[in-house]
**Q** 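Below is a structure I'd like to ask you about.
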Protein chains: 2
Amino acid sequence: MDGTDGTGSGAGPARGREATRARILASARELFTEEGYGAVSSRKIAAHAGVNVALINRYFGAKRGLLTEILREDGVFPGLIEGDRDTLTRRLAEHAVSRLHGESSALQRALDHSAGDPDLQAVYQGRITSALIDPLEAYLGGGTAARAHASLVTALMLGLTRVRLVEGATALRAQEREDLTRRVEALLDLCLEDFTDD
Amino acid sequence: MDGTDGTGSGAGPARGREATRARILASARELFTEEGYGAVSSRKIAAHAGVNVALINRYFGAKRGLLTEILREDGVFPGLIEGDRDTLTRRLAEHAVSRLHGESSALQRALDHSAGDPDLQAVYQGRITSALIDPLEAYLGGGTAARAHASLVTALMLGLTRVRLVEGATALRAQEREDLTRRVEALLDLCLEDFTDD
DNA sequence: AGGTATATGTAAACGGTGTTGACCTTGTCA
DNA sequence: TGACAAGGTCAACACCGTTTACATATACCT
């Protein structure tokens, strides 16, 4: 025996369910941030965490489970929906433009960049509906048109992220940035206008 | 010798560079359409084409090469840019909405659905710029603002495709569909308006 | 015609992936 | 002390995309 135990005291890496789980998750987060999702193998995560590969699947079911857990903790578009309705589109526009500048968290950027992997796709799909479309729909009152409006807004937000993948982060001068933000805001406002008002 | 030769006459599958290449490509197209890109392995394609696995890499460099070739033949957003400028946004809007309805080709739908795979991502990125942003930019006159406008339009188009992945194809009644098309058209028009006109 | 280079096709392996099942160790409690 | 269960390890499984060494057929040239 080397003195390690479930309490985490003593020499050597902490053991025990919670400690191990946490260390795996931390390693995954770190490596995903540095290298993207697809480029990091289960064995690499395990090695970095000083843990056996099989434990990943024991504690998270599969590699995808790590992603699900991380995205569950961080959230996508966190806290954008709540708040004053009058400034909703402005908040969304600012967020979108800041993402265009690559100002999101390093992890978010890394995941955006490896957005493509089927796992990420699958996990994201669930989170986009539950973190953007659904709350938006509820926020907008939940009428028949609400979901259509929410979908359009989401389309624009996702598209902007997507086009950044293609074009790369663009450095804008302050004035250009404000112009672009205003333009995106106007687009979002137009998404939310009543359809029959055409 | 079994009578088969490079000309394709005689019993047994045709041999020779072109015939083999064509059969691999056809099998890939068929299987990708049915099962998506990621779900089809190189060996599966080879088996379906009655060909050795190594030939895929011989003739197409890698599995990704099949995708590149197929997308090169089919094109993305084919022929949408050319034509009357006054009706450009209308054409784009109709195309986007028809895609929302799942009315694109079966292959396109399948690839959209497995859009996520790093290979597809990589190939698409190149094609999106060369088939949408670049021509749009040129079409719009190529000024400084042209690229920004083209990017916004592309963002919207891509986002709509993307949100369809999340929400699934929605069946709209004729009136709803026309409303939606008009709304998308209005959004696209707004994308193209001069930024400083705010 | 014969011989030779070259194109084409084949078989087997390589290194990698995510995942799983059988085993062992460790700590706890009766 | 013995049974038991939780936690951890190891080796394997079934795939993947790709490559290398080899066999065969075709075409060309003397």
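Lettering follows sequence order; numbering is per chain, from 1. Computed from a prediction, not measured in an experiment: that's the story for all the values here. Heavy-atom basis, side chains included; hydrogens, waters and symmetry copies ignored.
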**Q** Can you name the residues that form a side chain to side chain contact (heavy atoms under 4.5 Å, CB included) with A:Glu185, not counting sequence neighbours?
**A**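 Side chain to side chain contact (heavy atoms under 4.5 Å, CB included) check on A:Glu185 returns A:Thr89, A:Arg90, A:Ala93, A:Asp189.
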**Q** Output all residues satisfying salt bridge (charged side-chain N to carboxylate O under 4.0 Å, His left out) with A:Arg43, sequence neighbours left out; order by chain, then residue number.
**A** none
**Q** Could you list all the ring-ring contact (aromatic ring centres under 6.0 Å, His included) pairs where at least one residue sits in residues 135-161 of chain B, not counting sequence neighbours?
**A** B:His149-B:Phe195
**Q** Using atom names, set out every protein N or O paired with an N or O of nucleotides 11-13 of chain D below 3.5 Å, distance rounded to 0.1 Å.
**A**
residue: D:dA12; atom: N6; partner: A:Arg43; partner atom: NH2; Å: 3.2

**Q** Sequence neighbours left out, what passes side chain to side chain contact (heavy atoms under 4.5 Å, CB included) with B:Leu187? Give chain and number order.
**A** A:Leu152, A:Leu187, A:Leu190, A:Cys191, B:Leu156, B:Arg183
**Q** Heavy atoms within less than 4.0 Å of DNA chain D: which residues of residues 58-66 of chain A have one? Give them sorted by number.
**A**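 Residues of residues 58-66 of chain A under 4.0 Å from DNA chain D: A:Arg58, A:Tyr59.
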**Q** The criterion is salt bridge (charged side-chain N to carboxylate O under 4.0 Å, His left out); which residues satisfy it with A:Glu34, sequence neighbours excluded?
**A**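 Applying salt bridge (charged side-chain N to carboxylate O under 4.0 Å, His left out) to A:Glu34 gives none.
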**Q** For the helix from C:dA1-D:dT30 to C:dA30-D:dT1, measure the angle between the helix axis at one end and the axis at the other, each built from five pairs, rounding to 10°.
**A** 30°
**Q** Does A:Arg91 come within less than 4.0 Å of A:Glu94, counting only side-chain N to carboxylate O?
**A** no
**Q** Would you say A:Ser42 places a side-chain N or O within less than 4.0 Å of OP1 or OP2 belonging to C:dT17?
**A** no
**Q** Once side chain to side chain contact (heavy atoms under 4.5 Å, CB included) is applied, do any residues pair with B:Thr154, and if so which ones, sequence neighbours excluded?
**A** A:Val163, B:Ile128, B:Leu132, B:Ile133, B:Leu136, B:Leu158
**Q** Got a sec, which residues hit salt bridge (charged side-chain N to carboxylate O under 4.0 Å, His left out) with A:Glu30, two or more places apart in sequence or on another chain?
**A**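 Expected list: none.
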**Q** What residues form a side chain to side chain contact (heavy atoms under 4.5 Å, CB included) with B:Ala22, not counting sequence neighbours?
**A**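 Partners of B:Ala22 under the side chain to side chain contact (heavy atoms under 4.5 Å, CB included) test: none.
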**Q** Mind checking salt bridge (charged side-chain N to carboxylate O under 4.0 Å, His left out) for A:Glu35 and listing every partner two or more places apart, or none if nothing turns up?
**A** A:Lys44
